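Working notes, structure below.
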Amino acid sequence: MPYIAGIDIGSVAVSLAVIDEKGAVVSSFYQFHQGAISETLRSMLNNVDIRRIGGIAATMSGPEILQNIPRYDTQIAIIAAVRNFHKNVGSIMFVGAENFGLITFNKQGDYDQYRSNSPCAAGTGSFLDQQAKRLNLKGIDTLSSIAFCNQGNAPKIATRCAVFAKTDLIHAQQEGYSIGQISDGLCEGLAKNVIDTLMADEKIPTPLVIAGGVSMNQAVVKHFRKLLLTEPIVTPYSHLYGAIGAALLFLEEETPQGHNYESWSDLFVTERKEKTYGYPPLQLS
């Protein structure tokens with residue numbers, strides 16, 4: 001039986017998952033696109049034999065760069081993927097590069113509600129990326145590693161605002177804190193910000209599953225564990241739940257079958273290079 005390919009395009013990265021008819025992941029890819037979304041997705045798809053693919057689906061996030069494929073709500077896709085891997089789920093915390101949210105379920109396992117952050121980068125993966133650059137680190141992977149290995153006290157960093165965070169970083173460096181301690185303070189501040197925004201004084205339903213790109217940050221997950229007093233569930237596929245869920249939803253609605261595409265390039269929407277202007281250009285007269 002042909003495989004299904006699921007695609008999830010985020011604000012900073014592209015996720016690609018290939019599953020079989022039983023929902024098992026055959027192969028997966030995750031790559032930062034640096035704004036070059038089409039080029040990144042093309043290079044990822046070239047690692048997959050299109051002759052083995054019987055269906056392609058994507059989430060609603062990201063631009064429509066592929067034609068004639070079904071697109072599913074990202075939140076529903078994440079829920080589908082989580083339920084495929086975990087029988088009992090109390091809540092799902094999604095933390096991505098641009099937004100974060102909390103999906104909760106009632107005691108019967110039915111969908112209850114969804115909460116999300118305001119349109120601000122504070123408390124997201126992009127915020128940590130910004131601070132990694134300010135600390136002259138190679139990237140978010142380095143920040144996560146040295147933060148997770150920190151054994152000393154971590155300074156308090158105001159993660160609700162990037163401007164305040166910059167001031168706190170300078171003060172922490174002047175006070176003699178190491179880069180590892182400062183990175184750990186950033187991760188702790190981010191975890192606190194997420195919890196304060198999504199949960200306030202309410203108790204989070206467990207088991208708690210963490211999804212999104214920040215789920216790969218062991219330092220942030222460490223602080224979630226400490227602050228929530230619970231063991232969050234993180235799997236090797238936590239950052240790919242959107243792509244996996246899109247493929248699973250395709251399986252629920254359609255029967256995988258062959259197609260007439262000879263290459264992945266046939267799927268991409270032809271880009272219009274000529275611009276159309278609604279008004280004539282301004283002239284100095």
Side-chain angles (χ1 to χ4, degrees), residues 10-14 30-37 40 61 93-102 115-202 204 208 210-230 232 234 238-239:
S11 58
V12 301
V14 179
Y30 183 86
Q31 186 174 333
F32 293 101
H33 53 65
Q34 306 292 338
I37 298 174
T40 302
S61 64
M93 182 192 297
F94 172 84
V95 188
E98 196 173 62
N99 54 62
F100 57 84
L102 179 69
R115 298 177 184 175
S116 62
N117 64 316
S118 60
C120 175
T124 64
S126 291
F127 174 83
L128 287 182
D129 288 337
Q130 295 171 7
Q131 310 317 314
K133 293 178 181 178
R134 285 175 175 171
L135 294 171
N136 294 321
L137 298 175
K138 291 183 178 180
I140 187 63
D141 291 339
T142 304
L143 185 147
S144 173
S145 297
I146 63 176
F148 183 74
C149 295
N150 174 49
Q151 299 296 325
N153 295 328
K156 292 183 178 180
I157 307 294
T159 57
R160 288 185 176 274
C161 175
V163 177
F164 293 159
K166 182 179 181 180
T167 302
D168 286 349
L169 290 182
I170 295 173
H171 289 167
Q173 288 174 321
Q174 291 174 336
E175 292 171 8
Y177 284 101
S178 67
I179 296 298
Q181 290 174 301
I182 295 174
S183 298
D184 196 23
L186 281 167
C187 293
E188 182 179 11
L190 183 144
K192 286 182 177 179
N193 184 37
V194 171
I195 293 172
D196 291 343
T197 302
L198 299 179
M199 302 167 202
D201 297 328
E202 297 183 16
I204 186 170
L208 166 66
I210 299 182
V214 178
S215 66
M216 295 186 292
N217 188 317
Q218 293 183 337
V220 174
V221 174
K222 174 185 69 175
H223 289 296
F224 279 142
R225 182 183 300 112
K226 181 176 67 174
L227 295 169
L228 293 172
L229 300 177
T230 187
V234 181
S238 291
H239 59 299

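Computed from a prediction, not measured in an experiment: that's the story for all the values here.
- Sequence neighbours left out, not one pair with a member in residues 172-182 passes salt bridge (Lys or Arg N to Asp or Glu O under 4.0 Å).
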Subject >> Evaluation steps, side chain to side chain contact (heavy atoms under 4.5 Å, CB included), between Leu128 and Val220 >> reply: CA-CA 10 Å; Leu128 287 182; Val220 174; 4.1 Å; yes

**OP:** Test side chain to side chain contact (heavy atoms under 4.5 Å, CB included) on Glu188 and Lys226 and set out the steps.
**Re:** CA-CA 10 Å; Glu188 182 179 11; Lys226 181 176 67 174; 3.9 Å; yes

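- Put simply, the side chain of Gln173 reaches to within 4.5 Å of the side chain of Ile179, judged on heavy atoms.
- In this structure, CG in Asp129 is found 9.5 Å from CD in Gln131, a value given to the nearest 0.5 Å.
- By the side chain to side chain donor-acceptor pair (under 3.5 Å) test, Ser11 is found to be paired with no residue, residues two or more places apart in sequence or in another chain being considered.
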Can you list, pair by pair, the side-chain donor-acceptor contacts under 3.5 Å of residues 140-149, counting residues two or more places apart and other chains?
unit_1: Ser144; atom_1: OG; unit_2: Asn217; atom_2: OD1; d: 3.1
unit_1: Ser144; atom_1: OG; unit_2: Gln218; atom_2: N; d: 3.4
unit_1: Ser145; atom_1: OG; unit_2: Asp141; atom_2: O; d: 3.0

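- Looking at heavy atoms from C-beta onward, Asp168 lies out of side-chain contact with Lys156 at the 4.5 angstrom threshold.
- Contact of the Met199 side chain with the Leu102 side chain is registered, since non-hydrogen atoms from C-beta on lie closer than 4.5 Å.
- Contact of the Leu135 side chain with the Leu186 side chain is registered, since non-hydrogen atoms from C-beta on lie closer than 4.5 Å.
- Side-chain contact check for Val194 versus Phe224: some heavy-atom pair is nearer than 4.5 Å.
- Here the shortest heavy-atom pairing between Asn150 and Gly180 reads CB-O, 3.8 Å.
- Between the side chain of Gln181 and the backbone N or O of Ser178, at least one donor-acceptor pair lies under 3.5 Å.
- Legend: residues meeting ring-ring contact (aromatic ring centres under 6.0 Å, His included) with Tyr30, ordered by chain and number and at least two apart, are Phe32, His239.
- Under the side-chain contact (heavy atoms from CB on, under 4.5 Å) criterion, Arg115 pairs with Gln113, Leu198, Glu202, sequence neighbours left out.
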**OP:** Could you check Ile210 against Phe94 for side chain to side chain contact (heavy atoms under 4.5 Å, CB included), going step by step and ending with a plain yes or no?
**Re:** CA-CA 6 Å; Ile210 299 182; Phe94 172 84; over 6 Å; no

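- You'll find the side chain of Val14 stays beyond 4.5 Å of the side chain of Gln31, heavy atoms only.
- The two residues Ala191 and Leu227 come nearest to each other via the heavy atoms CB-CD1, 4.0 Å.
- Every residue meeting the side chain to side chain donor-acceptor pair (under 3.5 Å) condition with His223, not counting sequence neighbours, appears here in chain and number order: Asp184.
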**OP:** Evaluate the side chain to side chain contact (heavy atoms under 4.5 Å, CB included) criterion for residues Thr230 and Arg225: first the C-alpha distance (whole Å), next the side-chain angles of each, then the deciding distance (0.1 Å), finally the verdict.
**Re:** CA-CA 6 Å; Thr230 187; Arg225 182 183 300 112; over 6 Å; no

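- Between Val221 and Pro232 there is a side-chain heavy-atom pair separated by less than 4.5 Å.
- Within the model, atoms CD1 of Ile204 and CG of Leu228 stand 5.5 Å from one another, a figure rounded to the nearest 0.5 Å.
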